[in-house]
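Down below is the structure, laid out as structure tokens.
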Amino acid sequence: QVQLVESGGGSVQAGGSLRLSCAASGHTYRSYYMGWFRGTPGKEREAGAGIASDGFTSYADSVKGRFTISRDNTKNTLYLQMNSLKSEDTAIYYCAAAGVGWRLLHRLPSVAEVVYWGQGTQVTVSS
């Protein structure tokens with residue numbers, strides 16, 4: 001069992017930056033593929049960034065070059081550094097862990113491949 005708790009969301013003007021954190025419980029954290037999804041009311045969550053247990057990172061085209069995902073396995077923490085934020089980045093951001101069988105995934109996961117979700121943190125970007 002893995003519990004995920006996000007922090008770091010908030011409001012920022014376009015062009016600004018935010019850093020999200022996700023604290024994970026459980027000694028098997030390093031075995032999981034971890035990712036950040038985002039969603040808005042009426043739209044299915046979509047993966048924005050992901051990092052495999054071997055450190056391989058994947059990004060959606062919409063955030064590539066602006067967002068950086070990283071993980072600290074000694075602190076059981078996942079991060080998302082978001083720079084050059086745009087109004088279209090406004091969403092609820094969810095930390096997610098894919099099933100252990102996907103730990104070496106070298107692409108973004110689908111919602112169906114996620115087994116653990118955080119509660120979400122709101123990011124609002126004003127233009």
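All residue numbers in this chain count up from 1 along the given sequence. Treat the numbers as computed from the prediction; the structure is a model and nothing was measured.
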With a 3.5 Å distance limit and no angle check, can you tell me whether [X] reaches the backbone of [Y] through a side-chain donor-acceptor pair?
{"X": "Ser25", "Y": "Gln3", "answer": "yes"}
{"X": "Gln81", "Y": "Phe67", "answer": "no"}
{"X": "Thr121", "Y": "Ser7", "answer": "no"}
{"X": "Tyr59", "Y": "Ile69", "answer": "yes"}

- Query: Can a donor-acceptor pair be found between the side chains of Thr77 and Asp72 at a distance below 3.5 Å?
  - Reply: no
- Item | Worked check of side-chain contact (heavy atoms from CB on, under 4.5 Å) between Leu105 and Glu113 | CA-CA 10 Å; Leu105 196 65; Glu113 291 165 339; 4.1 Å; yes
Starting from [Y], can I reach [X] by hopping between I/L/V/M/F/W/Y residues whose side chains sit under 4.5 Å apart?
{"X": "Val115", "Y": "Tyr29", "answer": "yes"}
{"X": "Leu85", "Y": "Leu80", "answer": "yes"}
{"X": "Leu4", "Y": "Met82", "answer": "yes"}
{"X": "Leu18", "Y": "Val63", "answer": "yes"}
{"X": "Leu78", "Y": "Val2", "answer": "yes"}

- Task: Starting from the C-alpha separation in whole Å, work towards a yes-or-no answer on salt bridge (Lys or Arg N to Asp or Glu O under 4.0 Å) for Glu88 and Arg38.
- Result: CA-CA 11 Å; Glu88 51 262 44; Arg38 61 186 186 181; over 6 Å; no
- Report the C-alpha separation of Gln13 and Val125 in whole Å, then their side-chain angles, then the decisive distance to 0.1 Å, and conclude whether the side-chain contact (heavy atoms from CB on, under 4.5 Å) test is met. CA-CA 5 Å; Gln13 288 193 325; Val125 184; over 6 Å; no
So which heavy atom on [X] is nearest to which on [Y], and how close?
{"X": "Gln119", "Y": "Val5", "result": "OE1-CA, 3.8 Å"}
{"X": "Asn83", "Y": "Ser17", "result": "OD1-OG, 2.9 Å"}
{"X": "Ala60", "Y": "Ala47", "result": "CB-O, 3.7 Å"}
{"X": "Ser84", "Y": "Asp89", "result": "O-OD2, 4.4 Å"}
{"X": "Ala52", "Y": "Arg71", "result": "O-NH1, 3.3 Å"}
{"X": "Gln122", "Y": "Thr90", "result": "NE2-CG2, 4.0 Å"}

Can you tell me how far apart [atom1] ([X]) and [atom2] ([Y]) are? Round to the nearest 0.5 Å.
{"X": "Asn76", "Y": "Met34", "atom1": "CG", "atom2": "CE", "answer": "9.0 Å"}
{"X": "Phe56", "Y": "Arg107", "atom1": "CZ", "atom2": "CZ", "answer": "11.5 Å"}
{"X": "Arg103", "Y": "Ser31", "atom1": "CZ", "atom2": "OG", "answer": "7.0 Å"}
{"X": "Ile51", "Y": "Thr68", "atom1": "CD1", "atom2": "OG1", "answer": "10.5 Å"}
{"X": "Trp36", "Y": "Glu46", "atom1": "CH2", "atom2": "CD", "answer": "15.5 Å"}

- Criterion ring-ring contact (aromatic ring centres under 6.0 Å, His included) against Phe37, the qualifying member of Tyr93, Trp117, Tyr116: Trp117
- Check against side-chain contact (heavy atoms from CB on, under 4.5 Å), Glu6 and Tyr94: CA-CA 7 Å; Glu6 302 98 335; Tyr94 300 90; 4.1 Å; yes
- Message: side-chain contact (heavy atoms from CB on, under 4.5 Å) for Ile92 and Val123? Distances and angles first, verdict last.
- Response: CA-CA 6 Å; Ile92 299 174; Val123 171; over 6 Å; no
- Message: Between Arg66 and Lys86, is there a side-chain heavy-atom distance shorter than 4.5 Å?
- Response: yes
- Is Trp102 close to Pro109 at the side-chain level, that is, under 4.5 Å between some pair of heavy atoms? no
